[in-house]
2 protein chains.
Amino acid sequence: MDADIIRESLESSGLRCTPQRYAVMAFLMERNSHPTAAEIFDAVNRVDPRCSRATTYNNLRDLVQAGLVREVAVEGRGARFEAIQTRHHHFICDQCGAVEDLDWYDVPKPAGAALGKRVFRDCELIFRGLCQQCAKRKPKS
Amino acid sequence: MDADIIRESLESSGLRCTPQRYAVMAFLMERNSHPTAAEIFDAVNRVDPRCSRATTYNNLRDLVQAGLVREVAVEGRGARFEAIQTRHHHFICDQCGAVEDLDWYDVPKPAGAALGKRVFRDCELIFRGLCQQCAKRKPKS
DNA sequence: GTCTTAGATTAGATATATTCTAAACAGCAT
DNA sequence: ATGCTGTTTAGAATATATCTAATCTAAGAC
Ligand SMILES: [Mn+2]
Ligand SMILES: [Mn+2]
Ligand SMILES: [Zn+2]
Ligand SMILES: [Zn+2]
């Protein structure tokens, strides 16, 4: 049962474990997808404790600030989120926009000279192409 | 003079070279930044030929479809664009959101098994941290 | 237990970003 | 000129995100 894990991670970040906040965090942890705020709002309201649109956005903001959730860099209109788990890269489908996880592997950093006076924190690899479903549907160009 | 280069690249993609479309493309080519649609709209209207908001968006859509422009993957609300030039990676500032180019260097692809039945097209590396300006402003944590 | 208070939630209004609509326009071919 | 196709336009409509001010909740003080 990761109910306690969620509760503790919220509280150790200085966030109260409210039903709404818990529902948002639990939803993100039990999915390996990259849902939009609208999808999260719909999902957590399909079960009981009502969570308003503002609260969904507020909680996503708080969870990102607390470092428990990240906003994923994608092109397209709606922000997408994921719970922070093991490091991984992303695959984005040209056709349907699906964002899928790929296992992490180390990536060479740019040369110090290229970074200049910037402060490096992290890096992430984005692959593009066709996801399995779209590849199947489009046999040859 | 790259006026003819722009004209030709538009026409060889099957797009008429209208003043509005030219202005959008020229603006993207003479900048190495990653402007939002709103910034592009403002910039092309600072000079003469008026370009409505809808036309700015229409042309950005057409230019992306034609493969002359790409939408950059970033977190945050407004889509960002860049003319397609030499391959490069990106650095995104945690603090101010600036998107900067880094010289291209090759990146190892994931193992075939990890890609599964997906069709690989391209990959891109995103670095994160503090840009030069924000690093200066924030000496130590 | 009651009080106090900071934090959290809410509905709805507002702000921002993007797309749609329908009419007008521009260039080209007949 | 006429028609054709692609383009532009203002404004409306939709989608996405944030703000406001009132209310609620729960943890700590008493
Ligand atoms: Mn992911
Ligand atoms: Mn770039
Ligand atoms: Zn796909
Ligand atoms: Zn910065």
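The chains referred to below are lettered A, B, ... by the order of the sequence lines, with proteins before strands, and numbering in each begins at 1. Since we're looking at a predicted model, the values are computed, not measured.
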Table of protein N/O atoms under 3.5 Å from nucleotides 5-7 of chain D N/O atoms:
| residue | atom | partner | partner atom | Å |
| --- | --- | --- | --- | --- |
| D:dT7 | OP1 | B:Arg21 | NH1 | 2.6 |
| D:dT7 | OP1 | B:Arg21 | NH2 | 3.2 |

I'd like to know if the side chain of B:Gln20 and the backbone of B:Thr56 have a donor-acceptor N/O pair within less than 3.5 Å.
no
Protein N or O to nucleotides 17-23 of chain D N or O, pairs below 3.5 Å:
| residue | atom | partner | partner atom | Å |
| --- | --- | --- | --- | --- |
| D:dA17 | OP1 | A:Ala79 | N | 2.9 |
| D:dA17 | OP2 | A:Tyr57 | OH | 2.9 |

One thing to verify: whether B:Arg80 and B:Glu71 come together as a salt bridge, which I'm taking to mean a side-chain N less than 4.0 angstrom from a carboxylate O.
no
Side chains of B:His89 and B:Asp103, donor plus acceptor under 3.5 Å:
no
Cationic N near anionic O, under 4.0 Å, A:Arg16 to A:Glu11
no
Co-membership, hydrophobic cluster, residues A:Val69 and A:Met29, 4.5 Å side-chain
yes
Footprint ends on DNA chain C, 5' to 3', for atoms under 4.0 angstrom from a heavy atom of chain A, come out as C:dA6 to C:dT19
Should B:Arg128 and A:Glu124 count as an ion pair when the cut-off is N to O under 4.0 Å?
yes
Counting only heavy atoms not in A:Arg121 (residues, nucleotides, ligands), do more than 12 fall under 6.0 Å from its CZ?
yes
Single-linkage hydrophobic cluster A:Val24~A:Leu15, side-chain heavy atoms < 4.5 angstrom:
yes
Does this structure show an ion pair linking A:Glu100 with B:Arg118, if we count only N-O contacts that are shorter than 4.0 Å?
yes
Mind telling me whether A:His34 and A:His90 have parallel, tilted or perpendicular rings, with 30° and 60° as the class edges?
perpendicular
